[in-house]
Amino acid sequence: MQPRVAGGDVARGRLLLAQYQCGACHRIPGVDNARGMVGPGLDVFGRRSYVAGFLPNYPDALVRWIVDPPALKPGTAMPAMGVSAEDARHMAAYLYSLK
């Protein structure tokens, strides 16, 4: 069963992942030009147990990670990109749709 992201819109999330250029570092199916190889591929993100290898993969944790990765894991290579919590909810909804 796909986690429910309160206030998240899958279609808007796909567009936001492109807008924030997440594909510069990640492979993300369905997102234009998302062929990055620096970060992990997000092809089956909806089946993962953890976010960034250490946070249980729940909507609230994923949204917090998207908003400010260094606050949760100092020294991470993933930068804070200025994503609002609202945009992160939409992005999380899309990522959970990837099975």
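This structure is a prediction, so every number in the text was calculated from the model and none was measured.
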Roughly how far apart are [X] [atom1] and [Y] [atom2], rounded to 0.5 Å?
X	Y	atom1	atom2	result
Arg35	Arg27	CZ	CZ	12.0 Å
Gln19	His90	CD	NE2	11.0 Å
Ile66	Leu17	CD1	CG	7.0 Å

* Over 12 foreign heavy atoms within 6.0 Å of CG, Asp43 -> yes
* To do: Give a yes or no on this: more than 12 heavy atoms of other residues, nucleotides or ligands lie within 6.0 Å of atom CD of Gln21.
  => no
Are [X] and [Y] side-chain neighbours, meaning at least one heavy-atom pair lies under 4.5 Å?
X	Y	answer
Val83	Met91	yes
Val67	Ser84	no
Tyr58	Leu62	no

* Asked: In terms of ring plane angle, is the pair Phe54 and Trp65 parallel, tilted or perpendicular, where the classes change at 30° and 60°?
  -> perpendicular
Given 3.5 Å as the limit, does a donor-acceptor pair link the side chain of [X] with the main chain of [Y], or not?
X	Y	answer
Tyr94	Leu15	no
His26	Leu42	no
Asn57	Val51	no

For a quick test of reading the model, state the closest non-hydrogen atom pair linking [X] to [Y] and the distance between them.
X	Y	value
Arg12	Asp87	NH2-OD1, 3.6 Å
Leu55	Arg64	CD2-NH2, 4.4 Å
Ala80	Pro70	N-CD, 3.9 Å
Ala92	Val63	CB-CG2, 4.1 Å
Cys22	Ile28	CB-CD1, 3.8 Å
Val5	Pro59	CG2-CB, 4.1 Å

* To do: Identify whether the distance between the nearest side-chain nitrogen and carboxylate oxygen of Asp9 and Arg89 falls below 4.0 Å.
  => no
